Amino acid sequence: MRLYLINPCNPLVSMTKVKESRWNRYRVWKPLSLMVLAGLTPPEWEISIVDENLGAPDYPAMPRPDVVGITAFTSQANRAYEVAAHFRRLGVPVVMGGIHATMCVDEVMERVDSVVTGEAEGIWPQVLEDARHGCLKRRYDAGLAEIDKVPPARHDLLATGYALGAIQTTRGCPLNCSFCSVTAFNGPHYRQRPIADVVREFQSVREKHVLVVDDNLIGTRPDHIARAKDLFRALAQANLRKKWIAQATINFADDEELLALAAKAGCRGVFIGFESPAPEGLRELGKKFNLLKGRDFRASVRRIQRHHMLVAGSFIIGLDIDEPGIGKRIAEVARQYGVDNLNVLFLTPLPGTRLWDQMRSEGRIARDAFPADWKYYTLTFPVARYKHLSLDGIIQEMISCNRNFYSMAGILRRVGSNLWQRREPLISLVGNFSYRGNLRVACKAYVDFQRQRGNPLTTLLEAQVLMED
Ligand code: B12
Ligand code: SF4
């Protein structure tokens, strides 16, 4: 029995266009969901994982599979439907799962043979068994997995050529920020995989550099932190010789022992969601956690960096409190905090989030020709109606923010300080130039995005975009 597991591309996502910038190789990450599914698949199945982000294959030239499984974030849904249609025309049953299938079940059901909602662990072998007997159900509800029964992902299956491997050690988040799908999808309970399972799986990752995909590797409570310390001790003791990056909340900075252990275990950088430079913004997004204890963000960032770890900061533009000038303001604040990289995204109502419910009820979802418009739900296009910013206006803010932070002088200053403080100067250099390179690609995408709406850009914006050429 032959099984294809497919990760569809989104041709609009600049970060996955490997050929447009060689720096992008460092931003194409392995589709861990499919590696996990492969780990759940009984041995009688011959599995091929297809990651279209490395280039879509010539499907007609490939051997006919018996079943196709497709994963998709919302932004990949359109391409997922194209791939599904191709295989269904051949009479091959197509099963789709993942976050979009879970949040938009009815839409997906119209386009595939079977939909799996939730985390696949409890149900996937049954789905394959049903497929083998030609009695696939239209819908399977998998719910949440028992975290200590998650088998290791198949790290041996994907082509080489990725800069980073991927692994997951926890699922779920109690914080339920308004814009984020994680609490709705993985639940509010922070579930931790047994440390021995994680260490064993880490050993099977082929790449030297690894992305730990957890939404918050260290959690929020003292018992979470204690577990994170145990995990780091175990990783250090296993002497894996891997360098890894992860996502964490800002409380990562509050515990010197935690920082020292993380660095010793191979952590070289953390991605932290600062989200808004203003306390009212954090309240608006429900990210009150960032407000606790009258936090000094600059000091927190410095504490992490002193352990030779990079800090990438993420902010969102387009909040109800954001007014013209917010782009420059974010760049300034990111500089003040001293982050090594800045990642700014448009506030985007993703299906299943609190923000989606709110914006939909207020009639503020501007790009709503679904499913076609899902391709814009990459957080790199403004898809909503923003309170104080027009569409052109918010694009301008984004460009000015990135041009400001990623000016050549800014990059040289940051990389110089990374070099001086022995904090991964090479990764910092690659990261900074990768973002700078993407700005040019993004500008071209904005022009197409607005033209396509029958909205040629204003002269000012057109001029700004041209400056990026
Ligand atoms: C790693 C990651 C990335 C990596 C992607 C790596 C990759 N190719 O998979 C990178 C950094 C590239 C990335 C990019 C983006 N991401 Co992202 N990302 C994640 C993150 C943190 C972890 C994903 C992961 O690997 N999880 C571990 C695996 C094991 O879990 P899983 O994917 O959910 O798979 C399970 C189930 O979903 C199900 N399942 C999944 N697929 C299938 C298929 C079948 C057939 C079946 C039966 C079951 C099934 O079973 C799996 C095992 O339980 C999630 C948050 C999260 N907790 O999921 C956000 C998340 C998926 N990302 C999100 C977003 C918005 C994006 C971006 C659009 C924007 C951005 N800039 O971040 C881009 C889009 C990229 C694109 N191609 O269009 C949102 C998606 C929401 C949505 N509705 O789509 C999430 C949920 C975060 C959030 N804050 O809401 N992301
Ligand atoms: S943004 Fe981070 S902290 Fe907020 S709900 Fe999502 S995963 Fe949790």
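Computed from a prediction, not measured in an experiment: that's the story for all the values here. Order of appearance sets the numbers: ligands from 1, and atoms from 1 within every ligand.
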Enquirer: If the contact criterion is a heavy-atom separation under 4.0 Å, does Q168 count as touching ligand 1?
Expert: yes

Enquirer: Heavy-atom contacts under 4.0 Å between E119 and ligand 1: side chain, backbone, both, or neither?
Expert: both

Enquirer: So which bit of T380 gets within less than 4.0 Å of ligand 1, heavy atoms only: side chain, backbone, both or neither?
Expert: neither

Enquirer: I'd like to know if F185 contacts ligand 1, where contact means a heavy-atom distance under 4.0 Å to any ligand atom.
Expert: yes

Enquirer: Can you find an N or O of N53 that's nearer than 3.5 Å to an N or O of ligand 1?
Expert: no

Enquirer: Could you tell me the separation between the NZ atom of K287 and the SG atom of C177, rounded to the nearest 0.5 Å?
Expert: 4.5 Å

Enquirer: Any donor and acceptor pair, going by atom type alone, linking the side chain of R364 with main-chain N or O of R385 inside 3.5 Å?
Expert: yes

Enquirer: Looking at every heavy atom in both R227 and R193, which two are closest together, and how far apart are they?
Expert: NH2-O, 2.9 Å

Enquirer: For atom 36 (C) of ligand 1, tell me which residue out of P31, S33, G118, G97 has the closest non-hydrogen atom.
Expert: G118

Enquirer: Angle between ring planes, F87 versus Y59, binned at 30° and 60°: parallel, tilted or perpendicular?
Expert: perpendicular

Enquirer: Taking 4.0 Å as the limit for heavy-atom contacts, which would you say applies to K30 with ligand 1: side chain only, backbone only, both, or neither?
Expert: backbone

Enquirer: Could you tell me whether S75 and ligand 1 have an N or O pair separated by under 3.5 Å?
Expert: yes

Enquirer: With backbone taken as N, CA, C and O and side chain as the heavy atoms from C-beta onward, which portion of W124 lies under 4.0 Å from ligand 1: side chain, backbone, both, or neither?
Expert: side chain

Enquirer: Please set out all donor-acceptor pairs under 3.5 angstrom arising from side-chain atoms of residues 88-99, sequence neighbours excluded.
Expert:
unit_1	atom_1	unit_2	atom_2	d
R88	NE	D113	OD1	3.4
R88	NE	D113	OD2	3.3
R88	NH1	R111	O	3.1
R88	NH2	D113	OD1	3.3

Enquirer: Could you count the protein N, O or S atoms found under 2.8 Å away from atom 4 (Fe) of ligand 2?
Expert: 1

Enquirer: With respect to A120, determine whether any N or O atom, backbone or side chain, lies less than 3.5 Å from an N or O atom of ligand 1.
Expert: yes

Enquirer: Between W29, F346, F179, W356, which one has a non-hydrogen atom sitting closest to atom 10 (C) of ligand 1?
Expert: W29

Enquirer: With a cut-off of 6.0 Å (strictly less than), are more than 12 heavy atoms of other residues, nucleotides or ligands near CD of Q203?
Expert: yes

Enquirer: Between N186 and ligand 1, find which residue part has any heavy-atom pair under 4.0 Å and reply side chain, backbone, both or neither.
Expert: side chain

Enquirer: Is the centre of the F232 ring less than 6.0 Å from the centre of the W244 ring?
Expert: yes

Enquirer: Who gets closest to atom 45 (C) of ligand 1 by heavy atom: I70, I6, T71?
Expert: I70

Enquirer: Between K149 and E121, does any NZ, NE, NH1 or NH2 come within less than 4.0 Å of an OD or OE carboxylate oxygen?
Expert: no

Enquirer: So which bit of D215 gets within less than 4.0 Å of ligand 1, heavy atoms only: side chain, backbone, both or neither?
Expert: side chain

Enquirer: I'd like the name of whichever of K375, M103, Q247, E121 reaches closest to atom 52 (C) of ligand 1 through any heavy atom.
Expert: E121

Enquirer: Taking non-hydrogen atoms only, is L350 closer than 4.0 angstrom to ligand 1 via side chain, backbone, both or neither?
Expert: side chain

